[in-house]
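Chain A is the first sequence line, chain B the second, and so forth, proteins listed ahead of strands; every chain is numbered from 1.
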Amino acid sequence: MEAQASHLMASGGPSHRAVGADLGGGTYDRAHRGTVGEIRVEVPRMRCTKVNVHYGDKHAIHDVSLDVGKNEVLAMIGPSGCGKSTFLRCLNRMNDTVASCRVTGEILLDGKDIMAPEVDVVPLRARVGMVFQKPNPLTFPKSIFENVAFGPRIHGLVQTRAELEEVVVTSLQKANLWEEVKDRLNDPGTGLSGGQQQRLCIARAIAIQPEVILMDEPCSALDPISTAKIEQLIDELRRQFSICIVTHSMQQAARVSQRTAYFHLGDLIEVGDTDQIFVKPQHQLTEDYITGRFG
Amino acid sequence: MNQTALLVVLLLTLSSLAYHFGRKRAFAVSGGRIRTLHSLPAYYGLYSALWSILPALAVTAIWLAMQDSVITGMVVAALPPDLSGLEPARLNLLLNDIRNLVAGNIVSSQPSADVLAAADRYRSLQGTSGFALFTTALGLAAAGAWFGYSRIRPEYRSRNAVERTVMWVLIGCSTIAILTTVGIVLSVLFESIRFFHAVPVTDFLFGLDWSPQIAIRADQAGSSGAFGAVPLFAGTMLITLIAMVVAVPIGLMSAIYLAEYASARMRSIAKPLLEVLAGIPTVVYGFFAALMVAPFIRDSGALFGLDIASESAMAAGLVMGVMIIPFVSSLSDDVINAVPQSLRDGAYGMGATQSETIRRVIFPAALPGIVGAVLLAVSRAIGETMIVVMAAGLAAKLTANPFEAVTTVTVQIVTLLVGDQEFDSPKTLAAFALGLLLFFVTLVLNVFALYIVRKYREQYE
Amino acid sequence: MSETNFASAEDKMFARVEAGMKRRRAAEKRFQWYGRCAVALGLTFLVVLFVSIVSNGYTAFWQTRVTLDVTLDASVIDPQGSRDPEVLRAADYGGLIKATLRDMFPDVTGRRDRFALYGLISNGAAFDLRDRVLANPQLIGTTVSLSVAADDDVDMLMKGHIDRDGAEADRRIKDNQLGWIDQLQADGRLERVFNLDFFANGDSRDPELAGIRGALMGSVFTLVVTLALSFPLAVAAAVYLEEFAPKNRWTDLIEVNINNLAAVPSIVFGLLGLAVFINFFTLPRSAPLVGGLVLTLMTLPTIIIASRASLKSVPPSIREGALGVGASPMQAVMYHVLPLAMPGMLTGTIIGMAQALGETAPLLMIGMVAFIADVPNGVFDPSTVLPVQIYLWADSPERAYVEKTSAAILVLLLFLATMNAVAVLLRRRFERRW
């Protein structure tokens, strides 16, 4: 444990002090913030360093540094309002659409800073796709087919109708939805069940072949069976994409992810292999959360 | 009329007396222990006051409404047969003379003895009626007050009685909307039916020729008058179309720009400024159209060798379009803001640019609402009067050329009704037939548009 | 599938996305430009409208007046010396003015020239003189210095609306008149003063005498009637519909009716007024009373809708609190909810009144469009209203009326702006977040 903490100090820079001395205290001292555990991975897809987010006067995210590895599922957990969704939305700059929101720090995608002002969010979002909490199939274009075709169309990824159809079919297949909708591709997406809609949204996201898929509590509006299907899907998709998933459910995080990050009041408290976090959390707060003392 | 005011003041005094004594009596019957009363003493006072004033006021109102026609009837009945047998229009003139005599105004010609006698009779009847009204109303008020007063007992639920009355008054007020609609329908329908006795409905709806001037002499040219309303519809549609071509793109695009792109600061300045356009009275637009825009269009046309009428449909349509811009933009703004954020997120999350999101996601999603807004705008353009009265022409012409002068339904209603009205000639009645048509068309448009907008809202609620 | 494969697939995708970006950024820019142009166009219209009306109208607030030294000849005014007001009133003051003009320009002879000379002075001058003499009969026999309104053509010339150098035939001021005017100006007898007549007079066939007082008073009376009727009716209707009405077909019908009435063309209300108030109830034509009744029906939906919104914004806790201490539902509404909703209702009412003030079309139907020179004194007097006066003047061919029309519009807009400003202030002052 001590060794890990000192390793962190080396990799996270001087401001990322380990808070080992406070671990047993139980109370969380804001003056001694920092992250426990290994925030870096060997082959990062994305690398965030000292990310801060302000909403107007409110400091929503404090100095978060975190890597997203290739072909891994990274789960972000924490109590409501801890900033996990806000942080997720930084990764494809969705926070740009919120007027009062200001993001600082460095976020690299394949080694390139996506926070630089000259970076266009449009191609960025083509590489970092997103799936939202509430399934939001587009009402226009309406049909299942057009929902999936939306991305390839706007980004000009396909030249011919045949290509487009191929992309749509592959995406639906990858999203495990093909069998259920192949006979009604022209029906409205809103006519599907909640779980199907969410898989449709995933199909829509993977149709443009992103590198990273961000999922913001994708199952919170779904029933257990649909949730299980999505979780299985996430596990399959890992082979091709990097996935960051924000979830309320610790069981879900334990089931689908390889690494888990625990957020608390805007701080990244602890990161580590999912097995380790859930079995042997190092930080008192993480342990309290996981054992259900709050959250 | 001063008498009426006096009567009302007297009635109010009586009822406030009733209030005072009612309240006092409530104290008295409770023996000083107010808690034994069912309601607060003021309610007992109010109860007597209401009994005093409501029946008396109702009778007064009915009396005043009926008085004139009853007296007129009696005066006409007493006229010598050669006068009372006159045709309605002449009789009306005569009655006007009599009324003017009664009011002490100067009359058109030296009145005959019969007329003078009739005026005297009118005056005396008026006096009698006024006296009778005074006694009746005051008597009723007193009786009512006494009745209310006599019913005051500690266990009497006066608050409930007062509240019931107030509730009925409230209900009465809320039915005004229905009464207005019924009034509109009846008033235009009644005169329209008379019109359709003179001119067949089919001639009116499908006739291609509109020249409502009825000649004085039967042998004059065009003496029959032509009441084919098609050129009016065409003119209305032409001007409405021009207005929409101006208003819809500008209104819609500015709504989109202000909702999606503009900074909060710019929005807070530009939006109220655009809405100023909606607050400007239509007569101002009419003046602007007739004196600034129309000459400008005519002169610019002359530069290119085009012969443009100085009352061209273009001028009226353009200005009407400007007037409707804020209407379209504020309605579209509501509609666009009702599109849920999740749809926007969906598109942005896929990497759509802002304009792609607007054009491919927000606009189609908001389309039903926007269609509703445009329909409401169309209904407004069709019913708009002053701009076209001042800037469009009078002559009915069946043309699609925006640079020619056309006339509209509303212009014709105004021209037919301003000035002399003869309610027995199709010329005046035609205005009501046009009004009926206008009401019907705008009603259908409004109901349809409001329905669409409501359905649209429900979809995202 | 190996990882390198994926990387190349990703790169291929990404290259395609990048390839399209130039076109898409241009489209984005173009779309933003459309929006910017739309807003700019809308604002341009507003500016053009205001600039053209202000530039046409502001001169109407000044007036050209001519100072005349009129000798009040006793033998003309009051030959018997009785000083009887009736005699004084009937005297030929016009003759005195003409005589004064003849004396000032002795070399003008010939009927036609003299006529042209008299034409420089407004017809109202004689009335000014008469009022002066009636107010102070001692002046008879003396010479008074009288400032009278110049004819509208002279006024237009002084304001630069008539081109001095244009062909004489096209000019409303002829060459000889130009000479006299120049002479008057050289003598310092022409002056430009604030146009009090414009605010003090009723309508007139002479543009230089025409004022908006009559129309303004007509508007005031009409609005008073409208306010007195529509406010209580609308509040009562709103209270019933929002607080007490059961949800049934009947209240649905009322609701649909209110929403539709708000969108019925105003001219249809004029037809209603004509058929019901004038023909059926035989109320006087052209009277503010009828105008007020029609406008009441027209503004009711607006005020009802605003009042309901205002009632809706009062939180249920207020009602529950009142009911909880034993108030009846009626008492809860009357003493607790209504006072809180009142500012919102007042705001809606002011907006409704502003709408009524600017309304023209329905009033044309009920005869408020007649030429009425007298200032009305009550709701039964024939009168016109400000917007109708604008319409009437806009129809008049004289150049001077263009100026008058624009000025009347400015006055109307000033009133509307004030009303709306009050509404906005009221809303800001009482806006509550519960």
Output the option from B:S254, B:G383, B:P326 having the highest count of non-hydrogen pairs under 4.5 Å with chain C. B:S254
With chain B, the option among C:G378, C:A275, C:S328 that has the most non-hydrogen atom pairs under 4.5 Å is C:S328
Checking C:Y391 against chain B: side chain, backbone, both or neither under 4.5 Å from a heavy atom? both
Among C:V402, C:V276, C:D395, single out the residue with the greatest number of heavy-atom pairs under 4.5 Å to chain B. C:V402
Side chains of C:L416 and B:I280: closer than 4.5 Å at any heavy-atom pair? no
Do C:R36 and B:Y257 form a cation-pi contact, if we require the NZ or CZ to be under 6.0 Å from the six-membered ring centre and within 45 degrees of the ring's axis? no
Under the side-chain hydrogen bond (donor to acceptor under 3.5 Å, both in side chains) test, which residues partner B:R164, sequence neighbours left out? none
Structural part of B:Y451 lying under 4.5 Å from a heavy atom of chain C: neither
Flag side-chain contact, heavy atom, 4.5 Å: B:M386 against C:L364: yes
Quick one: which of B:I382, B:N160, B:T181 has the most heavy-atom pairs under 4.5 Å with chain C, could you say? B:T181
Can you tell me how far CG of B:L277 sits from CZ of C:F50, rounded to the nearest 0.5 angstrom? 8.5 Å
B:I178 versus C:L253, closest heavy-atom pair with distance: CD1-CD2, 3.7 Å
Neighbour count >12 (heavy atoms, 6.0 Å) for atom CZ, B:F448: no
Nearest heavy atoms of B:P281 and C:L413, plus distance in Å: CD-CD2, 3.8 Å
Looking at every heavy atom in both C:P265 and B:L438, which two are closest together, and how far apart are they? CG-CG, 4.1 Å
Measure the CD1-OG1 distance between B:I250 and C:T44 for me, rounded to the nearest 0.5 Å. 9.0 Å
What part of B:T353 gets closer than 4.5 Å to chain C, counting heavy atoms only: side chain, backbone, both or neither? both
Ranking B:T442, B:V322, B:I325 by heavy-atom pairs under 4.5 Å to chain C gives rank one to B:V322
Of the backbone (N, CA, C, O) and the side chain (C-beta and beyond), which part of B:I176 lies under 4.5 Å from a heavy atom of chain C, both, or neither? side chain
If I measure from the heavy atoms of chain C, does B:L450 come under 4.5 Å with its side chain, its backbone, both, or neither? side chain
For B:A278, is it the side chain, the backbone, both or neither that has a heavy atom under 4.5 Å from a heavy atom of chain C? neither
Between the CD1 atom in B:I358 and the CZ atom in C:F31, the distance rounded to the nearest 0.5 Å is 4.5 Å
Set out, in order, the CA-CA distance, both residues' side-chain angles and the distance that settles side chain to side chain contact (heavy atoms under 4.5 Å, CB included) for C:V48 and B:M292, then state yes or no. CA-CA 10 Å; C:V48 169; B:M292 320 282 160; over 6 Å; no
B:L291 versus chain C, heavy atoms under 4.5 Å apart: side chain, backbone, both or neither? side chain
Interface moiety of C:F281 toward chain B, non-hydrogen atoms closer than 4.5 Å: side chain
Which portion of C:T251 sits near chain B, non-hydrogen atoms under 4.5 angstrom: neither
Could you check whether atom CZ of B:R380 has more than 12 heavy atoms from other residues, nucleotides or ligands sitting under 6.0 Å from it? no
Given C:N260, C:N420, C:I258, C:V235, the one with more heavy-atom pairs under 4.5 angstrom with chain B than any other is C:N260
In terms of heavy-atom proximity below 4.5 Å to chain C, should B:L445 be classed as side chain, backbone, both, or neither? neither
At a 4.5 Å cut-off on heavy atoms, which part of C:I53 comes close to chain B: side chain, backbone, both, or neither? side chain
Is B:R157 atom CZ crowded by more than 12 heavy atoms from other residues, nucleotides or ligands, each under 6.0 Å away? no
Residues in residues 295-303 of chain C that sit under 4.5 Å from chain B, counting heavy atoms only: C:L297, C:L300
Which atoms of B:I256 come close to chain C, meaning under 4.5 Å heavy atom to heavy atom: side chain ones, backbone ones, both, or neither? side chain
Given C:I409 and B:V283, is the side chain to side chain contact (heavy atoms under 4.5 Å, CB included) satisfied, shown in steps? CA-CA 9 Å; C:I409 288 174; B:V283 69; 5.9 Å; no
Measure across B:M390 and C:A394 and return the closest heavy-atom pair with its distance rounded to 0.1 Å. CE-CB, 3.4 Å
Let me see the working for B:V166 and C:M334 under side chain to side chain contact (heavy atoms under 4.5 Å, CB included), right down to the final yes or no. CA-CA 11 Å; B:V166 173; C:M334 293 295 168; 4.1 Å; yes
Heavy-atom pairs under 4.5 Å with chain B: which of C:L49, C:L43, C:L241 has the most? C:L49
B:T410 side, atom OG1; C:I267 side, atom CD1 - distance, nearest 0.5 Å: 5.5 Å
Between C:N259, C:N257, C:L261, the one whose heavy-atom pairs under 4.5 Å with chain B are most numerous: C:N257
Winner by heavy-atom pair count (cut-off under 4.5 Å) against chain B, out of C:Q331, C:E255, C:K29: C:Q331
Could you look at B:V319 and say if it's the side chain, the backbone, both or neither that has a heavy atom under 4.5 Å from chain C? neither
Considering only heavy atoms, which portion of B:I184 lies under 4.5 Å from any heavy atom of chain C: side chain, backbone, both, or neither? both
Identify which part of C:A361 has an atom lying under 4.5 Å from any heavy atom of chain B, answering side chain, backbone, both or neither. both
Does any heavy atom of chain B fall under 4.5 Å from the side chain of C:L357, the backbone, both, or neither of them? neither
When B:L443, B:I171, B:V389 are compared by non-hydrogen pairs under 4.5 Å with chain C, the top option: B:I171
Looking at OH of C:Y240 and OG1 of B:T175, how far apart are the two atoms once the value is rounded to the nearest 0.5 Å? 9.5 Å
Does B:N446 use its side chain to pair, donor to acceptor, with the backbone of C:A263 at less than 3.5 Å? yes
Check the pair C:E28 / B:E356 against side chain to side chain contact (heavy atoms under 4.5 Å, CB included), numbers first and verdict last. CA-CA 8 Å; C:E28 174 73 23; B:E356 283 160 355; over 6 Å; no
Nearest 0.5 Å, what's the CZ-CG distance between C:F280 and B:L186? 10.5 Å
Taking every heavy atom of B:M253 against every heavy atom of C:A38, the minimum-distance pair comes out as CB-CB, 3.5 Å
Can a donor-acceptor pair be found between the side chains of C:Q32 and B:S355 at a distance below 3.5 Å? no
Which atoms of B:V188 come close to chain C, meaning under 4.5 Å heavy atom to heavy atom: side chain ones, backbone ones, both, or neither? side chain
Select one option (side chain, backbone, both, neither) describing which atoms of B:F190 are under 4.5 Å from chain C's heavy atoms. neither
Are there more than 12 heavy atoms of other residues, nucleotides or ligands under 6.0 Å from atom OH of B:Y261? yes
Please report the shortest heavy-atom distance between C:L271 and B:S187, naming the atom on each side. O-OG, 4.4 Å
Pick one of side chain, backbone, both or neither for B:M266, based on which atoms fall under 4.5 Å of a heavy atom in chain C. side chain
